[in-house]
Colleague: 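One structure, as C-alpha cells, below. Some questions next.
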Number of protein chains: 2
Amino acid sequence: MSQPEAPTEQQPSPRQIEVLEATLRQMLVEGQAVTMNSVARAASCSKETLYKWFGDREGLLTATVKWKASRVHVGAIEPGRLDRAALVARLEEFASNWLAVISSETSIALNRIAMGEAGTGKHSLGAIVLENGRFALGARLKPVLEAGRAARLLEFQDSEEAFRTFFGLMARDVQIRLLLGDALVLSSATIHQEAARAATQFLALYGVENPTGSAG
Amino acid sequence: MSQPEAPTEQQPSPRQIEVLEATLRQMLVEGQAVTMNSVARAASCSKETLYKWFGDREGLLTATVKWKASRVHVGAIEPGRLDRAALVARLEEFASNWLAVISSETSIALNRIAMGEAGTGKHSLGAIVLENGRFALGARLKPVLEAGRAARLLEFQDSEEAFRTFFGLMARDVQIRLLLGDALVLSSATIHQEAARAATQFLALYGVENPTGSAG
DNA sequence: GCCGAACCGTAACGTTCGTTACGGCAATAG
DNA sequence: CTATTGCCGTAACGAACGTTACGGTTCGGC
C-alpha cells in the first residue's frame, strides 16, 4: 500500500523529490528546453515513471514549481515589541532576503517559465509563483507593518497598500531587468545597500515623524 | 532596385508592416503559439515570403518586437521652466502613460515572449524590450528630473538612482502580477490615482522641503 | 504578347517532443 | 523458488513545427 503515485495533494516521496530536483536543474540550464527526455536522463528514471507519477508534462512542471516555491521562505519575522531601530532592522532583513531570492538563478528561471507559459493559457504556474512569491511575501510582512503601526512608528490605513509601496521600493527595476536578461549583478554588498535604502525610504513615507504619545 | 528584402536596418515596407502587425496579432492571442503557419495565414502571405524577408522565425519575432517597441512612446516631455505644480503634473502624466502601456495586452504579451525566450539564450528580444522600454523610459524622464533639480525642486545626486526609485513607485507589484497572469484590472481612474500617488511619494522622498535660496 | 520578378498557396521533408508500449532487472512476499 | 510489483532503459508512434521546394498567379517593363 505504499504507492507514491500522484503527489497531487501529498508530500512527494524522497525519490520523487530527486526527480523534482532534477527537473529544477534542467530549468536552470540556459538555452535548453525542459523535455521529458532530458528530465528522465538527468533524474536517472524512466519516462514511464514520470508519467505515472505526474500525469503529463504540465503535471511535472507544476509539481516542480509548487515544490520549489513552497520552500522559498524569506524568513518568517516575529513582530514582537518594536522600537524604530528594530523595525528598520526587520525591514532591511526582509528586503535583503527577498532581493537575494529574486536575483537567484532559480527564481529567475521559475518566473520566466511561469510567465512564458502564462501566455499559453494552459498552465497555472503563474498563479502558483504568485501565491508563493508575491502574496506569501505580503502575508509575512504585513504583521510587521501592523506591529509598527501599533507601536506608533508607522502610519497608514491599508497595510496592503503600504506593503505594495515597500515592494516597489525593494524591487524598483531589478526584477524586470533580470527577467529580461540584463546582466545586472547583485552582490551581497549591493543587496544590503538596496535593502537599507528601501527601508529608509519606506520610513520616510510611512514613518511617524513626531511620536507624541497623546493617545490613550 | 526596390527589393524590400531583409529589413535588417531599414524601415519595413508597408506590406512588411502588415506582416509584422499580423505577427503581433498572433502574439496577443491567448493560448496560441506563434507559428510560421499561423502568421502566414493571418497575414495572407506565403511562408516563403516570411523566410525571404526575415530569415527565420527568430528574425520574424525580433523584427516584430523591434518594430512595435520602437513606437511605444510614453510621450516626450519638454522640461521647460518648472514650478512645483508643473513638475508634479509632468510626473503624473508620465506615470499615467507608462502604467497604461504596461497594462496593455500588447506590452504584456511582448514582455512574456521576451522573458520566455530569454531563458533559451538564443534570442535578443529581452535586450530589445529593455532598450525600448525601461531604458528609453529613463532617458525620457531624466531631463525632467534634472530640470526639477535645477529649479531647486528636487534634490538627488544620481538621476539614474532617482529614476529607478520613481520606477519602483510607479510599478510596485503591478507589472509582475500582470505578467504572471493575475487578473488585475487597471481602470483609467485607478491609473490616475496610482500615478498621483507615485508622484506624491516621489516628491516626498526627493522634493526640497524648504527652498531656501541660500546658494549663490 | 512575352519575360522575369515577386509573391501566394500548398505540399513535402526532417526534426523535436510528448506520449505510449515493451522487455528486463531488482526486491519482496508467500 | 516463484510470482508479483515497481522501476529502468529504450524503442516506437503521432503530432506539431521550422524549413525548403514547387507550381500557379499577378504585374511592371520592353
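Throughout, a chain's letter reflects where its sequence line sits, starting with A, and its residues are numbered from 1.
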Colleague: To the nearest Å, give me how far apart OH (A:Tyr51) and P (C:dC17) are.
Modeller: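 It works out to 12 Å between those atoms.
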Colleague: Nearest whole angstrom, please: distance from the C1' of C:dG18 to the CH2 of A:Trp53.
Modeller: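 Atom-to-atom, A:Trp53 to C:dG18, this comes out as 19 Å.
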Colleague: Over how many whole Å does the gap from B:Asp56 atom CG to D:dC17 atom P extend?
Modeller: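 That distance rounds to 17 Å.
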Colleague: Side chain to side chain contact (heavy atoms under 4.5 Å, CB included), that's the test. Do B:Tyr206 and B:Arg149 meet it? Break it down for me.
Modeller: CA-CA 9 Å; B:Tyr206 290 93; B:Arg149 179 172 59 180; over 6 Å; no
Colleague: Could you give the CG-to-P distance, from B:Leu50 to C:dT10, as a whole number of Å?
Modeller: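 Going from B:Leu50 (CG) to C:dT10 (P), I get 14 Å.
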Colleague: Between B:Ser104 and B:Ser107, does any side-chain donor sit less than 3.5 Å from a side-chain acceptor?
Modeller: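 Side-chain D/A pair, B:Ser104 to B:Ser107: absent.
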Colleague: Give the nucleotide from the list D:dC7, D:dG18, C:dG9 with an atom nearest to the side chain of B:Ser46.
Modeller: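 The listed nucleotide nearest to B:Ser46's side chain is C:dG9.
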Colleague: How many Å lie between NZ on B:Lys47 and P on C:dC7, as a whole number?
Modeller: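 Distance check: B:Lys47 NZ to C:dC7 P gives 18 Å.
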Colleague: Give one of base, sugar-phosphate or nothing for B:Asn37, where a contact means two heavy atoms less than 4.0 Å apart.
Modeller: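 Counting heavy atoms under 4.0 Å across all strands, no contact is made by B:Asn37.
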Colleague: Could you check which of C:dT19, C:dC17, C:dG9 has an atom nearest any side-chain atom of A:Thr35?
Modeller: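 In terms of side-chain proximity for A:Thr35, the closest of C:dT19, C:dC17, C:dG9 is C:dC17.
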Colleague: Checking all strands, does B:Val39 fall into the base, sugar-phosphate, or nothing category for heavy-atom contacts under 4.0 angstrom?
Modeller: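 Nothing: the residue B:Val39, judged by heavy atoms under 4.0 Å, touches no strand.
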Colleague: Of the nucleotides D:dC22, C:dC17, D:dC8, which has the atom closest to the B:Glu48 side chain?
Modeller: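 Closest nucleotide to the B:Glu48 side chain: D:dC22.
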Colleague: Would you kindly say whether A:Gln201 and A:Arg197 are connected by a side-chain donor-acceptor distance under 3.5 Å?
Modeller: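 Per modelled atom types, A:Gln201 and A:Arg197 side chains form a pair under 3.5 Å.
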Colleague: Looking at A:Glu160, I want to see if its CD is surrounded by more than 12 non-hydrogen atoms of other residues, nucleotides or ligands under 6.0 Å.
Modeller: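 Buried by this count: over 12 neighbours within 6.0 Å.
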Colleague: Starting at CE of B:Met36 and ending at P of C:dG9, how long is that distance when rounded to a whole Å?
Modeller: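 In whole Å, C:dG9 P lies 15 Å from B:Met36 CE.
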Colleague: In whole angstroms, how far is the C1' atom of D:dG9 from the CZ atom of A:Arg41?
Modeller: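 In whole Å, D:dG9 C1' and A:Arg41 CZ are 12 Å from each other.
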Colleague: How close or far is atom P of D:dC7 from atom CZ of A:Arg15, stated in whole angstroms?
Modeller: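 Interatomic distance, CZ of A:Arg15 to P of D:dC7: 9 Å.
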Colleague: Among D:dG9, C:dG9, C:dG18, find the nucleotide with the atom closest to the side chain of A:Arg57.
Modeller: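 The answer is C:dG18.
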Colleague: Is B:Glu194 paired with B:Arg172 through a side-chain N to carboxylate O contact shorter than 4.0 Å?
Modeller: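 Looking at B:Glu194 together with B:Arg172, the answer is yes, because their closest N to O distance falls below 4.0 Å.
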